[in-house]
Amino acid sequence: MKILIHDTAEAAEKDTARRLAQAVNKKPDSVLGLATGGTMTRVYEELVALYNKKRVSFSEATTFNLDEYIGLPAEHPCSYHTYMREALFKHIDIPEAATHLPDGMASDPDQAAADYEAAIHAAGGIDLQLLGIGHNGHIGFNEPSSSLQSRTRVKTLTEDTRRANQRYFASFDETPIYAITMGIATIMDARECLLLATGAGKADAVAAMIEGPMSANCPASALQMHQTATILLDSEAASRLANRAYYEYVHPKGDDSVQL
Ligand code: GLP
């Protein structure tokens with residue numbers, strides 16, 4: 001794992017966006033794995049800004065999002081389809097047909113999940129996977145106890161995750177219980193992973209991911225086995241790392257920053 005600790009969330013977010021843009025510049029027909037959540041909002045803002053400054057184009061890229069709620073139509077304001085359209089897709093030059101999210105309204109969600117996994121393979125696999133992390137260590141919607149060998153499938157969300165995501169819905173009862181998510185093995189197949197975590201609320205999950213034992217109890221800890229995983233943190237998210245001084249010695253101030 002490459003662990004880059006920035007002073008501020010803004011610096012970590014901008015670095016994440018630049019790394020993604022740099023990967024697309026190097027390989028314009030990149031297959032990108034994308035993530036949602038509050039953490040990613042400013043990453044996408046920065047990517048849109050880079051696109052507007054003509055520093056990156058997505059015209060040849062393909063995207064696969066990590067997950068989608070079951071039971072929400074694509075047009076629902078709280079669906080991840082809507083999140084991605086509003087945060088990124090409608091602002092950039094990616095063809096709509098090149099963007100993919102699981103179908104939360106499929107009549108057979110298990111089949112929809114298997115089809116999604118097959119579509120990722122058919123596209124040649126994911127070049128760069130963007131990830132956030134849940135307070136309980138989840139990646140995508142792979143909740144604690146998820147098999148580290150899992151593939152895209154239906155998952156039941158924990159109460160903790162539903163409470164964390166309740167802020168987007170009118171009430172807890174309206175917060176979906178099920179989602180289709182890429183599995184941990186699906187994520188591990190990506191040729192490169194970029195995980196961004198910011199804020200003190202993520203510090204325990206980040207410490208478990210980086211320094212805890214590799215365990216299904218902290219699904220993100222599977223990244224310890226990934227050969228090209230970069231973890232971008234702000235100072236608060238890094239605050240529980242026992243070996244923080246070492247990571248900062250290797251990459252002072254998150255320095256390894258990318259120029260476009
Ligand atoms: C959500 C998403 C994850 C995301 C995580 C953290 O439930 N399924 O992909 O990384 O939770 O979200 P946030 O950035 O809002 O803390």
Side-chain angles (χ1 to χ4, degrees), residues 33-40 64-84 100-121 126 129-190 193 195-197 201-202 204-206 208-209 212-226:
L34 297 180
T36 52
T39 311
M40 293 301 149
F64 286 91
N65 262 80
L66 282 165
D67 44 18
E68 179 57 287
Y69 293 112
I70 289 183
L72 294 194
E75 316 73 49
H76 190 287
C78 303
S79 75
Y80 285 164
H81 280 77
T82 298
Y83 174 107
M84 289 308 302
H100 304 85
L101 287 97
D103 179 4
M105 293 301 284
S107 55
D108 183 345
D110 295 326
Q111 187 59 50
D115 292 347
Y116 197 72
E117 182 81 22
I120 294 171
H121 283 274
I126 290 169
Q129 177 67 55
L130 189 57
L131 295 163
I133 185 169
H135 296 104
N136 61 6
H138 74 217
I139 44 177
F141 271 134
N142 293 285
E143 299 285 34
S145 82
S146 287
S147 163
L148 301 184
Q149 296 279 19
S150 52
R151 295 280 162 189
T152 306
R153 70 214 183 290
V154 174
K155 282 297 290 183
T156 306
L157 307 186
T158 63
E159 188 176 333
D160 178 58
T161 296
R162 289 180 67 215
R163 295 231 176 266
N165 291 348
Q166 182 186 336
R167 64 192 191 275
Y168 300 107
F169 295 87
S171 68
F172 180 69
D173 286 343
E174 284 178 45
T175 311
I177 300 174
Y178 303 103
I180 296 176
T181 180
M182 282 187 202
I184 297 176
T186 318
I187 293 167
M188 292 292 288
D189 279 350
C193 287
L195 185 145
L196 170 66
K202 299 290 173 68
D204 285 329
V206 164
M209 163 177 66
M214 194 178 68
S215 156
N217 197 41
C218 177
S221 67
L223 292 173
Q224 292 174 20
M225 291 289 284
H226 199 286

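Just the heavy atoms: all of them, side chains too, but no hydrogens, waters or symmetry mates, feed the values below.
Of the possible donor and acceptor atoms, none in the side chain of Glu117 sits under 3.5 Å from a partner among the backbone N and O of Thr186. Distance alone, capped at 3.5 Å, is enough to place a donor-acceptor pair between the His226 side chain and the Ala190 backbone. Side chain of Ser79 to backbone of Ala74: a donor-acceptor contact under 3.5 angstrom is found.
Taking 4.5 Å as the limit, every side-chain heavy atom of Asp67 sits out of range of all side-chain heavy atoms of Lys155. Within the 4.5 Å cutoff, side-chain heavy atoms of Thr36 are placed close to those of Met84. The shortest side-chain heavy-atom distance between Gln224 and Cys218 does not fall under the 4.5 Å cut-off. Two residues are said to be in side-chain contact when any heavy atoms from C-beta on lie closer than 4.5 Å; Asn142 and Arg153 meet this criterion. For the pair Thr175 and Leu157, the minimum side-chain heavy-atom distance is 4.5 Å or more. In this structure the side chain of Phe64 never reaches within 4.5 angstrom of the side chain of Gln129, judged on heavy atoms. Residues Thr152 and Ile180 form a side-chain contact, since some pair of their non-hydrogen atoms from C-beta on lies under 4.5 Å apart. Taking the side chain as every heavy atom from C-beta outward, Thr158 and His138 never approach each other to under 4.5 Å.
For the pair Ser221 and Ala208, the tightest heavy-atom approach, listed with the atom from each and the gap, is CB-O, 4.1 Å. Nearest heavy atoms, Ala35 versus Leu131: CB-CA, 4.2 Å. Here the closest heavy-atom approach between residue Met182 and residue Asn65 is recorded as CE-O, 3.5 Å. The two atoms that bring Ala216 and Leu148 nearest to each other are CA-CD2, 3.9 Å, heavy atoms only. Taking every heavy atom of both residues into account, Pro77 and Thr82 meet most closely at O-CG2, 3.6 Å.
Each of Asn217, Ile184, Thr181 was scored for a side-chain contact (heavy atoms from CB on, under 4.5 Å) with Ser146, with one residue passing: Ile184.
Few gaps surround OH on Tyr168; more than 12 heavy atoms of other groups in view lie less than 6.0 Å from it. Residue Gln166 places its CD atom among more than 12 non-hydrogen atoms of other residues, nucleotides or ligands, all under 6.0 Å distant.
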Does Ile139 form a side chain to side chain contact (heavy atoms under 4.5 Å, CB included) with Met209? I'd like the steps, not just the answer.
CA-CA 10 Å; Ile139 44 177; Met209 163 177 66; 6.0 Å; no
Side chain to side chain contact (heavy atoms under 4.5 Å, CB included) assessment of Tyr83 paired with Leu101:
CA-CA 11 Å; Tyr83 174 107; Leu101 287 97; over 6 Å; no
Would Thr39 and Lys202 count as a side chain to side chain contact (heavy atoms under 4.5 Å, CB included) here? Give the steps.
CA-CA 11 Å; Thr39 311; Lys202 299 290 173 68; 3.7 Å; yes
Begin from the C-alpha positions of Ile70 and Met105 and carry the test side chain to side chain contact (heavy atoms under 4.5 Å, CB included) through to its verdict.
CA-CA 6 Å; Ile70 289 183; Met105 293 301 284; over 6 Å; no
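Gln111 CD to Asp103 CG: the interatomic distance, rounded to the nearest 0.5 Å, is 12.0 Å. Summarising the geometry, atom OH belonging to Tyr116 is positioned 7.5 Å from atom CG belonging to Leu66; distances are rounded to the nearest 0.5 Å. For the atom pair CD (Glu143) and OG1 (Thr161), the distance works out to 3.5 Å, reported to the nearest 0.5 Å. Here NE2 of His81 is found 13.5 Å from NE2 of His76. Values are rounded to the nearest 0.5 Å.
For Arg162, there are no side-chain hydrogen bond (donor to acceptor under 3.5 Å, both in side chains) partners, not counting sequence neighbours. For Tyr69, the side-chain hydrogen bond (donor to acceptor under 3.5 Å, both in side chains) partners at least two apart in sequence or on another chain are Tyr80, Asn165.
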